[in-house]
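In what follows, a single structure is set out as structure tokens and then discussed.
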Amino acid sequence: METRIVTVVGASGTLGSEIVRALLEKGARVRAMVRATSNRTKLESLGVTEFVVADLMDATSLQRALTAEPRAEAVVTSAAGFTTHSARTKGDNSRTDTEGYRNLVDAAKNAGVPRVILISILECDKAPDVPHFSQKFVTEKYLAEKRQPYLALRAGAFLDRAQDVVALKVRKGVFPDIVPGVALDMIYSPDLARYAAEAALDLPASALNQSVDIRCNVPATGPMVAAAFTRVLGRQVVAKPVFPPLFVGILPLVAWFVPRLQDQVAVLAWIRRGGYVSHESQKQKDLFGELPTIEDSVARYCRDKGLIKPTAS
Ligand SMILES: NC(=O)c1ccc[n+]([C@@H]2O[C@H](COP(=O)([O-])OP(=O)(O)OC[C@H]3O[C@@H](n4cnc5c(N)ncnc54)[C@H](OP(=O)(O)O)[C@@H]3O)[C@@H](O)[C@H]2O)c1
């Protein structure tokens with residue numbers, strides 16, 4: 001049987017490597033798109049052997065990567081310039097998420113990529129004040145305008161967070177609460193990765209050209225997630241604010257002097273207004289089945305992180 005090839009953009013990132021893992025588990029051949037400076041160690045340990053070097057800010061390199069033979073049948077992209085991962089180490093910024101993504105869509109269209117799976121953000125179409133959210137919406141619109149077949153997976157906040165600080169805290173009996181007292185939609189990132197792999201390989205073309213909210217079955221507050229950890233671990237876990245109230249108070253002021261923080265301030269304000277909650281859940285169910293529950297997501301997270309023993313299968 002012919003092996004199906006999928007190119008992953010942002011493969012060296014936290015979610016990107018999860019997407020690679022999910023694709024490999026489904027038997028796909030992964031072509032990891034990385035930069036010359038990207039750390040390939042994790043990808044190599046997952047068994048990736050095929051790399052194409054390209055940069056979202058370099059249109060020629062993208063064209064080369066997406067026309068590599070044999071052609072990939074899908075491109076999944078989770079690359080981001082605004083995240084601390086690349087910003088701290090490589091000076092990336094929101095140009096990646098605007099110009100860079102425009103370059104990627106143009107290259108995909110020129111190369112005739114059959115489908116682009118975009119990792120987007122929940123409610124990004126309703127958050128003009130949050131730069132990195134609205135930039136995702138701009139890319140979604142550009143994909144549609146260019147008639148590049150796509151599926152945008154609009155994810156809620158990662159239950160396990162980008163830098164995966166949660167396990168460390170939970171071991172100490174604490175669940176870090178981003179915005180105390182406010183419910184938001186969350187998703188365990190390996191679930192999102194699995195959906196991205198299914199979207200690349202399994203969904204019919206009739207499912208494409210839309211945006212799908214991706215989340216657990218209910219929005220959750222910090223104490224709700226902490227209670228789920230308490231039940232799963234059999235010992236008490238309490239929600240504690242990530243940012244002390246004084247810090248939250250002065251953050252907008254600090255952001256005047258540190259422009260990079262302005263995006264974070266806008267995100268926190270958006271969440272506080274109750275913005276990070278989906279108003280649509282049927283599409284996720286139709287495409288990927290029943291929505292995961294918070295408790296089940298927490299249980300799988302605890303198993304994956306070695307916080308509880310795996311159950312015998
Ligand atoms: N965290 C959440 O709660 C959340 C919620 C919803 C959606 N998301 C989305 O999830 C996605 C993945 O997040 P993450 O935390 O996994 O990201 P991440 O770990 O910061 O990874 C970013 C990736 O983008 C690559 N990249 C950056 N600039 C690039 C460029 N110019 N050209 C090519 N590649 C470039 C990086 O490559 P290098 O290794 O070379 O730096 C890295 O592989 C993001 O799109 C984010 O918006 C996150």
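Indexing begins at 1, ligand by ligand and atom by atom, following the structure's order.
- Note: no N/O pair closer than 3.5 Å links Gly81 and ligand 1 by distance alone.
- At a 3.5 angstrom cut-off on N or O pairs, Leu56 counts as close to ligand 1.
- Using a 4.0 Å cut-off between a side-chain N of Lys or Arg and a carboxylate O of Asp or Glu, Glu50 and Arg29 qualify as a salt bridge.
- Listed by chain and number, the residues in a side chain to side chain donor-acceptor pair (under 3.5 Å) with Lys126 are Glu123 (sequence neighbours excluded).
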Donor-acceptor pairs are to be reported for all side-chain atoms of residues 148-155 against protein atoms at under 3.5 Å, with residues two or more places apart or in another chain.
unit_1	atom_1	unit_2	atom_2	d
Gln148	OE1	Lys109	N	3.3
Gln148	NE2	Val113	O	2.9
Arg154	NE	Glu140	OE1	3.2
Arg154	NE	Glu140	OE2	3.0
Arg154	NH1	Asp125	OD1	3.2
Arg154	NH2	Glu140	OE1	2.6

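- Distances below 4.0 Å separate heavy atoms of Gly156 from the following atoms of ligand 1: 5 (C), 6 (C).
- Note: an N/O pair closer than 3.5 Å links Ser12 and ligand 1 by distance alone.
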Can you list the steps and then say if Asp296 with Tyr188 is a side chain to side chain donor-acceptor pair (under 3.5 Å)? CA-CA 10 Å; Asp296 177 55; Tyr188 182 33; over 6 Å; no

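- Residue Thr14 holds the heavy atom nearest to atom 19 (O) of ligand 1 of all those in Thr96, Thr14, Asp58, Asp55.
- Taking every heavy atom of Tyr276 and a limit of under 4.0 angstrom, the matching atoms of ligand 1 come to 5 (C), 6 (C).
- Interface of Ala157 with ligand 1, defined as ligand atoms under 4.0 Å from a residue heavy atom, comprises 3 (O).
- With a 4.0 Å cut-off on non-hydrogen atoms, Ser120 touches ligand 1 through its backbone and not its side chain.
- Within the 4.0 Å heavy-atom cutoff, Lys136 counts among the residues contacting ligand 1.
- By the 4.5 Å heavy-atom criterion applied to side chains, Met186 and Phe158 are not counted as neighbours.
- On a distance-only criterion, Ala11 and ligand 1 share no N/O pair closer than 3.5 Å.
- Ring planes of Tyr276 and Phe133: tilted class, angle from 30 to 60°.
- Not one N or O of Ile121 is nearer than 3.5 Å to an N or O of ligand 1, by distance alone.
- For Asp160 and Ser189, the side-chain atoms include at least one donor-acceptor pair closer than 3.5 Å.
- Taking the side chain as every heavy atom from C-beta outward, Val182 and Thr221 never approach each other to under 4.5 Å.
- Not one N or O of His132 is nearer than 3.5 Å to an N or O of ligand 1, by distance alone.
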